[in-house]
Enquirer: 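What follows is a single structure, and I will ask about it in a moment.
Only heavy atoms go into these numbers, but all of them, side chains included; no hydrogens, no water, no symmetry mates. Below, chain A is the first sequence line, B the second, and so on; all start at residue 1. As the structure is a computational prediction, the values presented were derived from the model and not from experiment.
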There are 2 protein chains.
Amino acid sequence: MRSTAEARRATVLNAAVSAFARTGFHATPVTAVAAAAGISEAYVFRLFAGKLGLFVAAAGACFERIVVALEAGAERAGDVGPEGVLEAMGDAYAELIADRDLLLFQVQAQAVTDVPEVAEAVRAGYRRVATFVASRSGASDVQVQQFFAYGQLCHLIVTAGLEQVPEPWARALTAGIRHP
Amino acid sequence: MRSTAEARRATVLNAAVSAFARTGFHATPVTAVAAAAGISEAYVFRLFAGKLGLFVAAAGACFERIVVALEAGAERAGDVGPEGVLEAMGDAYAELIADRDLLLFQVQAQAVTDVPEVAEAVRAGYRRVATFVASRSGASDVQVQQFFAYGQLCHLIVTAGLEQVPEPWARALTAGIRHP
DNA sequence: CATGTTTGTAAGTGTGCACTCACAAACATT
DNA sequence: AATGTTTGTGAGTGCACACTTACAAACATG
């Protein structure tokens, strides 16, 4: 016994978020996340309820980390108005994009919403994030909606690699998006 | 010989868009699209260069159908200003959402962009759509960007099933989106 | 130190699926 | 009619991978 089960679960979840983010649910073998976490495949299956249970748990961890990052961004901004807080959160989200994992995981999760458990996890995640953004910023519904719309645009920009495309249409889509 | 290879390819592509839209690239066996198209799995592999070739071709068909729908919407609108044309295209896209296939396929394609061929297909698709929207509407870059941002928000709403969620945060995200 | 519990793994098992190949029938061309 | 070409399939092959089981060592507790 080297570690407690709970600590193992945490490190496995980190590995899972990264692995699933890159190759998605179906194309990511459990052996891959087990290897990344430095333990055996069999033990992953003991720690989580199947591959699906692992993915759902990883989704929870993903959205948790997003909320934390947005909170930090808002905190750093101090006492500006709702628009100011939203913009600060936008900047924080842009920093999040640097490591790509959290953003890509969301895309992968959206792609597996034909599995009811995943759909529910995605709803739960966006419930957390959306209610937090709204209450913490105090912004209007329209502003919050816009915040998420451009967040989703960000997902397209990153997955398609549009920052690397010099053509005018791509420049139009990526204009003003904070340094992704 | 019942049909020409080219005609077969077309029906297979329709089946492929639907099948991949629901279950995604990796979770959709080629047998499924073959069955939906009413031919044998082996023949699908003769008609397309592997499962990946089929998926890429389906992506092409998907974006093609999107452009056609947007064009029809714009045509129907007549000679209103750029904003009017954009709104007409938005309505047309909303109708497209009714059949869900084209929208979900885009999400699935974005999730497989770790495969270079798919990433390129997605870029090519959005290049077609974005340049078309911009030139046909004559709208500004900012307006085009906003058009796509809210389009992507639409993807989230549909995949997560947010129209079915009565809670305030979900209402805020779905507000004003044309009847999805 | 004996017994129980938790952490951990090696070595299977079964299945689903991408892709191939040998072969057949429909059609064209001479 | 003979020969070639295109359309089409049934029956495999091999491999990747989700999940299980049997077993072992670390730690706790009496």
Side-chain angles (χ1 to χ4, degrees), chain A residues 1-59 105 108-109 111-112 114-118 121, chain B residues 1-59 105 108-109 111-112 114-118 121:
Chain A
M1 280 178 202
R2 278 288 143 74
S3 183
T4 130
E6 214 46 49
R8 281 298 188 196
R9 258 185 271 264
T11 70
V12 170
L13 282 184
N14 277 334
V17 169
S18 290
F20 284 132
R22 289 180 219 293
T23 40
F25 179 70
H26 294 286
T28 306
V30 181
T31 37
V33 354
I39 66 174
S40 76
E41 185 196 10
Y43 195 38
V44 174
F45 278 102
R46 177 167 292 181
L47 291 174
F48 295 92
K51 191 184 181 181
L52 182 58
L54 173 62
F55 188 82
V56 168
F105 189 96
Q108 299 294 354
V112 202
D114 58 313
V115 179
E117 291 93 327
V118 175
Chain B
M1 283 176 200
R2 279 287 144 72
S3 183
T4 127
E6 214 46 49
R8 283 295 189 200
R9 259 185 270 262
T11 70
V12 170
L13 281 184
N14 278 332
V17 170
S18 290
F20 284 133
R22 290 180 218 293
T23 40
F25 180 71
H26 295 286
T28 306
V30 181
T31 37
V33 353
I39 65 173
S40 75
E41 185 195 9
Y43 194 37
V44 174
F45 278 101
R46 178 164 293 181
L47 290 174
F48 295 91
K51 190 184 182 181
L52 182 58
L54 173 61
F55 189 82
V56 168
F105 189 97
Q108 299 294 352
V112 202
D114 58 312
V115 178
E117 290 94 327
V118 174

Enquirer: With rounding to the nearest 0.5 angstrom, report the CZ to CG distance, B/Arg8 to B/Leu47.
Expert: 8.5 Å
Enquirer: What is the distance, rounded to the nearest whole Å, between atom CZ of A/Phe45 and atom C1' of C/dA11?
Expert: 15 Å
Enquirer: Do the side-chain N or O atoms of B/Arg8 get closer than 4.0 angstrom to the phosphate oxygens (OP1, OP2) of D/dG8?
Expert: yes
Enquirer: To the nearest 0.5 Å, tell me how far A/Arg9 CZ sits from A/Phe48 CZ.
Expert: 6.0 Å
Enquirer: Between D/dT7 atom P and B/Phe48 atom CZ, what is the distance in whole Å?
Expert: 13 Å
Enquirer: Looking only at N and O atoms, is any donor in the side chain of A/Glu41 or the base of D/dC17 less than 3.5 Å from an acceptor on the other one?
Expert: no
Enquirer: What's the NE2-C1' distance between B/His26 and C/dG16, to the nearest Å?
Expert: 15 Å
Enquirer: Nearest whole angstrom, please: distance from the P of C/dG16 to the CZ of B/Phe25.
Expert: 20 Å
Enquirer: Given D/dT7, C/dC21, C/dT7, identify the nucleotide with an atom nearest to the side chain of B/Tyr43.
Expert: D/dT7
Enquirer: In this structure, how many angstroms lie between the C1' atom of D/dC19 and the CZ atom of A/Phe55, rounded?
Expert: 19 Å
Enquirer: Identify the heavy atoms of A/Thr11 and A/Ala37 that sit nearest to each other, and give their distance.
Expert: O-CB, 4.4 Å
Enquirer: Considering only D/dA18, C/dA10, C/dC19, which nucleotide approaches the side chain of A/Pro29 most closely?
Expert: D/dA18
Enquirer: For the side chain of B/Lys51, counting heavy atoms from C-beta on, which of C/dC19, C/dT7, C/dC21 is nearest?
Expert: C/dC19
Enquirer: May I ask you to say what B/Ala5 touches in the nucleic acid, namely base, sugar-phosphate or nothing, with a heavy-atom cut-off under 4.0 Å?
Expert: sugar-phosphate
Enquirer: Name the closest nucleotide to the B/Arg46 side chain, picking from C/dA22, C/dA18, D/dA22.
Expert: C/dA22
Enquirer: A/Phe55 vs A/Phe20 aromatic rings, parallel, tilted or perpendicular, using cut-offs 30° and 60°?
Expert: perpendicular
Enquirer: Nearest 0.5 Å, what's the NZ-NE2 distance between B/Lys51 and B/His26?
Expert: 7.0 Å
Enquirer: Can you check the B/Glu6 CD to D/dG8 C1' distance for me, whole Å?
Expert: 16 Å
Enquirer: Measure CG/A/Leu47 against C1'/C/dT7 and give the value in whole Å, please.
Expert: 9 Å
